[in-house]
Amino acid sequence: MILKKTLLLLCISYFSLTTHFSFSQPGSPFLDQNSPTYSQDMALRLGMDVKLLFPSATPDRIILNLTADPLTSVAVNWRTDTTKSSSFVEVAEATHGPQFIANVRSIKATTEQLEVAVPDEPTVTAHYHAAVMDQLETGKKYVYRVGEGEQWSEWFQFDMPDPENQSLSLLYFGDAQTNVKSLWSRVIREAYKTMPKIDFMLHAGDLINRHNRDIEWGEWFHAGSYIHATVPSVMTPGNHEYKDVVLSPQWRPQFNLPANGPKGLEETCYQINYPNLKLISLDAEQIDESEHYREQQLQWLDSVLTNDPRKWTAITLHYPFYSTNPKRDNPELRKYFKPIVDKHKVDIVLQGHDHAYGRGMISNLSTGKNVVAGSSGTMYVVSVSGPKMYEVSDDPWMERRAGNTQLFQIISIEGDELHYQAFTATGELYDAFTLKKQEGKPNALINKIPDTPEKKE
């Protein structure tokens, strides 16, 4: 009799438990994998921020990108859930009040669906929308919003550059990569607070740590929040945007970068032309891993610098020509690409990867060794903006170095001068110099290093 009562109580307890944890109730450990709420339930049990991970009918992850013609157009991307099969951008010239609403121009976006499934993590399915706001005028301010039906973003405001009448300026970030929401967000926000009137932001690869984790991309967009939607960005992929030489599935859907580089490297190797600046992104991982794409980028780089030069040239790629790390080196990159950099007198090379800071000018001696050479004209910079840190060497190529320091850089071009400043995450000026054009000679370097000790540890 006692045994029967015990069994009955156990049955009742089990029934109560399974009734309490309904098979369709979010948070239930018994949720059916075929349930439409399964992925969200899994995210909750894994402690993920579902607001950053999953899309809704309201646009999120809104970002401006530079186009190949940055004086007349700006690209924009955003994400929604799959209930939005079409979406639009509305744009108008900004007014002092809400009058612009009567003059908006509507542009239909292209839409593609992406489903990303990572082992032991929720599957994320989204519609990614992309459009180009064209027919814009230099020096003017515009407003735009994205969405459809009842679901729209707020109105964002951005400025078109006017390089003929003012300097061209950018923010440059090395690797963000890890702890992006918690520890990188303060860097991009401090950078924007320090220099809000900039023309674009440049990211030198390794924006996140694992190439296909949607939660990490969500943290990256969250960290920049409205800054991404009001200041155009360009980015070059790092090795962490790849796995087994396969690019992040989110890269091309969520960004809208130029496709004017070698075939097969659209939106990773490309050029952007201002009247006074040619900016080039090289795909460093494909240089390192693919002989075919290395040769394609070599020929393409030589061609665009020969046939379409500008007064100033900047190259960005993830792997450094010269490392800040005593245990790293990239001799093959130098072997193939430095002759082209030297031939065309590239002004500055902006890099990441080594999780430390260093900058200097380099010449190759016939002995094969490298020496500091202030007269060579090309400045090489390695920087890091995220919290992951590596040892920094005492290699003499660096005129200024830093270890265990998160930084951002402001670069401005005014006529024959390029002004460079590096700031720590707290906004302290850590390094500065000016490059000055000289007729028939390499750039003159004017160091403006602050009178503060180097941060070597």
Side-chain angles (χ1 to χ4, degrees), residues 65-66 68 112 114 116 118 174-177 202-213 216-217 234-272 278-308 313-325 327-344 346 349-355 362 364 378 380-382:
N65 285 143
L66 292 181
E112 63 178 297
L114 178 67
V116 177
V118 178
D175 304 27
Q177 191 173 342
L202 184 152
H203 304 271
D206 283 5
L207 285 65
I208 64 168
N209 191 41
R210 284 169 283 186
H211 79 304
N212 62 349
R213 290 198 76 212
E216 293 187 21
W217 284 118
V234 287
M235 46 280 295
T236 193
N239 56 303
H240 283 267
E241 273 76 60
Y242 277 94
K243 184 176 181 181
D244 301 326
V245 205
V246 176
L247 185 64
S248 165
Q250 291 95 339
W251 185 271
R252 290 192 176 104
Q254 73 186 5
F255 299 138
N256 196 349
L257 298 164
N260 56 9
K263 185 177 181 180
L265 298 177
E266 293 83 2
E267 298 190 71
T268 65
C269 177
Y270 54 86
Q271 63 170 321
I272 294 170
K278 179 183 286 292
L279 173 64
I280 292 171
S281 167
L282 295 176
D283 191 329
E285 183 71 357
Q286 293 288 7
I287 291 172
D288 188 56
E289 297 287 346
S290 168
E291 183 178 348
H292 169 73
Y293 284 128
R294 181 186 69 206
E295 186 61 30
Q296 291 286 95
Q297 292 187 76
L298 272 171
Q299 294 179 10
W300 175 81
L301 178 63
D302 190 35
S303 175
V304 298
L305 292 177
T306 299
N307 299 313
D308 189 24
T313 302
I315 292 177
T316 183
L317 75 167
H318 185 60
Y319 293 146
F321 278 74
Y322 298 93
S323 180
T324 59
N325 190 304
K327 299 176 183 177
R328 285 183 164 182
D329 194 16
N330 298 302
E332 292 293 301
L333 177 63
R334 289 195 300 277
K335 174 184 175 182
Y336 290 103
F337 283 83
K338 191 167 188 302
I340 298 177
V341 170
D342 292 342
K343 172 185 175 182
H344 296 286
V346 170
V349 181
L350 307 173
Q351 307 146 113
H353 189 59
D354 280 347
H355 297 270
I362 303 293
N364 289 337
T378 300
Y380 294 86
V381 185
V382 178

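- From Gln254, atom CD reaches atom CH2 of Trp217 across 5.0 Å, with rounding to the nearest 0.5 Å.
- Residues His344 and Leu301 fail the side-chain proximity criterion, which asks for heavy atoms closer than 4.5 Å.
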Working for side chain to side chain contact (heavy atoms under 4.5 Å, CB included), residues Gln271 and Asp308: CA-CA 11 Å; Gln271 63 170 321; Asp308 189 24; 4.1 Å; yes

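- Every residue was checked against the ring-ring contact (aromatic ring centres under 6.0 Å, His included) condition with Trp300, not counting sequence neighbours, and none meets it.
- Here the options are Tyr293, Tyr242, Tyr270, the test is side-chain hydrogen bond (donor to acceptor under 3.5 Å, both in side chains), and the partner is Asp283; only Tyr242 passes.
- The shortest non-hydrogen separation linking Glu332 to Arg294 is OE1-NH1, 4.5 Å.
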Residues Val234, Thr316; criterion side chain to side chain contact (heavy atoms under 4.5 Å, CB included); working and verdict: CA-CA 10 Å; Val234 287; Thr316 183; over 6 Å; no

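- With sequence neighbours excluded, the residues that form a ring-ring contact (aromatic ring centres under 6.0 Å, His included) with Phe321 are Tyr380.
- Residue Gln351 forms a side-chain contact (heavy atoms from CB on, under 4.5 Å) with just one option from Asp175, Ile315, Val382, and that option is Val382.
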Verdict with reasoning, Trp251 to Thr268, per side chain to side chain contact (heavy atoms under 4.5 Å, CB included): CA-CA 9 Å; Trp251 185 271; Thr268 65; 3.9 Å; yes

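- Summarising the geometry of Lys278 relative to Leu305, their closest heavy-atom pair is CD-CD2, 3.9 Å, with the distance given to 0.1 Å.
- No donor-acceptor pair under 3.5 Å is formed between the side chain of Glu241 and the backbone N or O of Leu247.
- Note that CG of Asp206 is 10.5 Å distant from OG1 of Thr236, once rounded to the nearest 0.5 Å.
- The line from CD1 of Ile208 to NE2 of His240 is 10.0 Å long, rounded to the nearest 0.5 Å.
- Judged by distance alone, with hydrogens and angles left aside, the side-chain atoms of Asp288 form no donor-acceptor pair with the main-chain N or O of Ala284 at under 3.5 Å.
- Side chain of Arg252 to main chain of Glu266: a donor-acceptor pair is present (N/O by atom type, distance under 3.5 Å, no hydrogens or angles).
- Residues meeting the side chain to side chain contact (heavy atoms under 4.5 Å, CB included) test with Arg328, sequence neighbours left out: Ser323, Asn325, His353, Asp354, Tyr390.
- The distance from the NZ atom of Lys335 to the CG atom of Asn330 is 14.0 Å, given to the nearest 0.5 Å.
- Asp329 is linked by a side chain to side chain contact (heavy atoms under 4.5 Å, CB included) to Pro331, Arg334, counting only residues two or more places apart in sequence or in another chain.
- For the pair Gln286 and Leu265, the minimum side-chain heavy-atom distance is below 4.5 Å.
- Side chain of Gln177 to main chain of Leu207: no donor-acceptor pair is present (N/O by atom type, distance under 3.5 Å, no hydrogens or angles).
- Gln297 places no side-chain N or O within 3.5 Å of a backbone atom of Leu282 that could act as its donor or acceptor partner.
- Results of the side-chain hydrogen bond (donor to acceptor under 3.5 Å, both in side chains) test with Asn239 over Glu289, His318, Glu285 single out His318 as the only residue that passes.
- At least one donor-acceptor pair under 3.5 Å links the side chain of Ser248 to the backbone N or O of His211.
- A distance of 8.5 Å separates CG in Asn260 from SG in Cys269, rounded to the nearest 0.5 Å.
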Evaluation steps, side chain to side chain contact (heavy atoms under 4.5 Å, CB included), between Leu317 and Leu333: CA-CA 11 Å; Leu317 75 167; Leu333 177 63; 3.9 Å; yes

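- Counting heavy atoms from C-beta outward, Ile280 and Val346 have side chains that stay 4.5 Å or more apart.
- Pairs of residues two or more places apart, or lying in two chains, that qualify as salt bridge (charged side-chain N to carboxylate O under 4.0 Å, His left out) and include a residue from residues 296-306 are Asp302-Lys343.
- Pro253 pairs by the side chain to side chain contact (heavy atoms under 4.5 Å, CB included) definition with Glu112, Leu114, Tyr128, not counting sequence neighbours.
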